Amino acid sequence: MNFNHFLRGPVLFAATLLMAQGALATYPDITGTWTGTQSGQDDWCADSNLESWTEPLTVIISSQSDGSFQAVFSTSNGHGTTSSGSTTGSFEGPSTIDMDFSQAPSSDGDTEDIWIDATISGDTMTGTYQFDEFSHPGSVLECYGHGTISLTRNGSTVNPVTAPSSAVTSDANALITVVSTATTTIGSRVQSALRGGVGGFSRAGMSYMLSTPSGMSAGDDTTFKNPGIWGSYAYSDFDNDFSRTKYDGDRNMIFFGADFAPRDNMVLGVAVGYEDTSIDTDFNQGDLDADGWTIAPYFGMILNETWSIDANLGYSDIDTDQDRSNGTITSDFDTDRWFISANINGFTSYNKWLFSGRAGLLNAESDDDSFTETGVGGQNVDSNRTTLTQFNIGGEVGYAMGDFEPYVTATYNYDFHATDIKLTAGPQPSNDDDDILLGVGFRYFNSDNLSISAQYDSRRGRSDFDEETFSINARWDF
């Protein structure tokens with residue numbers, strides 16, 4: 001077995017997915033608070049002593065809709081006074097924006113027109129600007145100049161003691177746990193259908209659909225063209241042990257799915273899931289309970305005797321009830337969650353040893369509605385968006401023992417982009433961007449086209465965050 005050849009396909013496919021994602025995207029999410037500096041130079045000014053300067057700059061972007069957004073800036077200008085202004089900005093391309101500010105009279109009575117052109121790359125904004133400054137009432141040009149800006153988006157800024165529970169539990173870690181459980185469950189069901197054998201799985205003593213010409217890809221569609229149904233249950237326990245954002249919770253997730261084969265080398269299906277989450281939020285003496293439904297169509301296709309691809313797209317509608325300050329302040333809100341996952345998979349065998357690998361991309365977005373807390377000290381809370389783009393690569397080693405197949409898995413996950421949490425002051429959370437998911441499990445195959453599997457997973461490597469998941473699955477082909 002040539003392992004270089006085995007790994008080359010997933011790496012190339014992952015790179016293709018990254019390029020495709022950029023091509024398919026419209027505009028990136030840029031809402032939030034951006035802080036940094038502007039460095040300017042006077043091209044001409046009535047006060048000849050003002051030549052150049054560097055000063056703090058804050059830009060708050062909100063109400064993004066397709067190619068436009070609202071922006072508010074504030075800074076200390078080169079005259080030693082503060083200035084601010086607002087505008088409707090717009091995208092000039094997939095990652096470039098334009099903001100034209102007309103500042104109202106500042107404390108020294110001046111007005112200012114500012115033109116900013118910036119490029120967005122993840123949570124970094126860099127660009128150039130020009131300005132005209134007029135003396136009050138705006139009729140005499142006093143200065144004009146140019147400069148550069150360099151800003152970083154802080155993500156959600158949270159005061160844990162007074163924050164609603166969701167301000168912390170709606171972070172990227174929480175999004176990873178729930179979405180990856182769903183996409184892994186569905187992806188595993190696709191692969192079980194594609195690998196052939198009783199119940200759609202590979203089995204000792206039988207030909208492997210993805211490794212020999214005698215499998216389905218060669219036209220053996222006796223079982224595969226018939227529809228199949230499956231069900232799964234997963235229990236996850238997770239906790240954040242960073243002192244200022246400490247919480248622990250658990251989640252129950254159930255999925256049911258059905259699929260069929262429109263072609264000999266393809267499977268199409270749809271999964272419906274229900275989840276129930278309960279979290280104790282120690283950081284604000286509160287609790288959070290959430291539940292909701294997910295619908296996720298999925299697809300899988302064999303490319304040749306070794307390689308296959310799969311993808312799934314999901315939407316979840318989640319209802320959340322929460323409280324803090326020992327139950328004295330309560331609130332509830334709705335969440336819309338979207339996710340898409342695409343993978344390339346390799347499979348081969350040696351005697352009774354079974355080897356598989358996978359590389360893919362996961363993109364997810366969770367949008368919490370705005371809400372108002374009730375109780376003394378309650379507040380109005382704006383809507384919140386959490387986003388995630390993650391690359392993963394991993395493998396599995398199994399051993400065929402008649403009707404029984406034990407296996408171990410390992411997957412490395414890296415977040416290209418994830419919405420971070422920034423606390424108002426003091427020590428900050430790590431906001432780690434990678435982890436390793438380790439798993440062990442088994443599959444059992446029944447002669448009546450019924451197959452059952454169980455797996456235990458442990459997420460390692462994210463500072464201050466741990467997760468363990470146990471899942472059991474059953475599939476039956478008619």
Side-chain angles (χ1 to χ4, degrees), residues 18-41 43 55-77 82-106 110-134 138 141 143-157 336 338 340 363-370 382-389 416-420 422:
L18 282 173
M19 292 185 290
Q21 185 190 46
L24 293 175
T26 52
Y27 305 110
D29 167 36
I30 61 170
T31 57
T33 301
W34 301 76
T35 58
T37 60
Q38 63 176 359
S39 297
Q41 177 179 316
D43 296 321
E55 56 201 25
L57 174 67
T58 298
V59 178
I60 302 174
I61 296 176
S62 61
S63 303
Q64 181 178 339
S65 177
D66 295 327
S68 65
F69 53 88
Q70 298 294 318
V72 177
F73 88 94
S74 60
T75 186
S76 298
N77 63 29
T82 59
S83 60
S84 62
S86 61
T87 189
T88 300
S90 61
F91 278 87
E92 301 301 318
S95 61
T96 57
I97 61 174
D98 175 80
M99 296 180 285
D100 301 336
F101 295 99
S102 292
Q103 174 214 323
S106 59
D110 292 341
T111 62
E112 202 167 46
D113 292 334
I114 301 173
W115 301 273
I116 294 178
D117 295 303
T119 299
I120 304 293
S121 178
D123 288 333
T124 301
M125 179 192 306
T126 56
T128 62
Y129 72 93
Q130 301 179 45
F131 70 89
D132 288 341
E133 185 172 312
F134 300 88
L141 179 63
C143 290
Y144 62 83
H146 71 282
T148 61
I149 63 168
S150 178
L151 304 173
T152 301
R153 178 168 52 178
N154 291 330
S156 302
T157 302
D336 294 314
W338 296 88
I340 183 170
N363 188 267
E365 178 180 302
S366 180
D367 294 310
D368 299 337
D369 288 347
S370 60
D382 292 336
S383 59
N384 178 67
R385 174 177 294 174
T386 304
T387 58
L388 168 70
T389 302
F416 284 102
H417 169 74
T419 303
D420 293 335
K422 180 179 175 63

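When a residue number appears, it is its place in the shown sequence, counting from 1. From a predicted model like this one, the values you see are computed outputs, not experimental measurements.
In this structure, Q64 and I30 have side chains that are in contact, with non-hydrogen atoms separated by less than 4.5 Å. By the 4.5 Å heavy-atom criterion applied to side chains, H417 and L388 are not counted as neighbours. Inter-residue side-chain proximity for L57 and T37 is flagged as unmet; no heavy-atom pair is nearer than 4.5 Å. The side-chain heavy atoms of T35 and K422, taken from C-beta on, include no pair separated by under 4.5 Å.
With values rounded to the nearest 0.5 angstrom, T389 atom OG1 is found 9.0 Å from F416 atom CZ. Annotation: the span from T128 atom OG1 to I149 atom CD1 amounts to 8.0 Å, rounded to 0.5 Å. Taken to the nearest 0.5 Å, the OG1 atom of T148 stands 13.0 Å off from the CG atom of D117. I116 CD1 to I97 CD1: the interatomic distance, rounded to the nearest 0.5 Å, is 8.0 Å. If you take CD on Q70 and OG1 on T87, they are separated by 8.0 Å, rounding to the nearest 0.5 Å. Atom CE of M125 and atom CG of L151 lie 5.5 Å apart (nearest 0.5 Å).
In this structure W115 satisfies the ring-ring contact (aromatic ring centres under 6.0 Å, His included) test with no other residue, sequence neighbours excluded. Applying the ring-ring contact (aromatic ring centres under 6.0 Å, His included) criterion to F101, with sequence neighbours excluded, gives F73. Annotation: side chain to side chain contact (heavy atoms under 4.5 Å, CB included) contacts of S150 (sequence neighbours excluded): T126.
Side-chain contact, T387 with T419: a donor N or O sits under 3.5 Å from an acceptor N or O. With hydrogens and angles left out, the side-chain atoms of D382 and S370 include no donor and acceptor closer than 3.5 Å.
Residue F131 comes nearest to Q41 through the heavy atom pair CE2-O, 4.4 Å, listed as atom of the first residue, atom of the second, then distance. Minimum heavy-atom separation, V72 to S86: CG2-CB, 3.9 Å. Counting all heavy atoms, side chain and backbone alike, M99 lies closest to G89 at CG-CA, 4.4 Å.
Side-chain atoms of T58 do not come within 3.5 Å of backbone N or O of S74 as any donor-acceptor pair.
For Q130, the CD atom is loosely surrounded, since the number of other residues' heavy atoms within 6.0 Å does not exceed 12.
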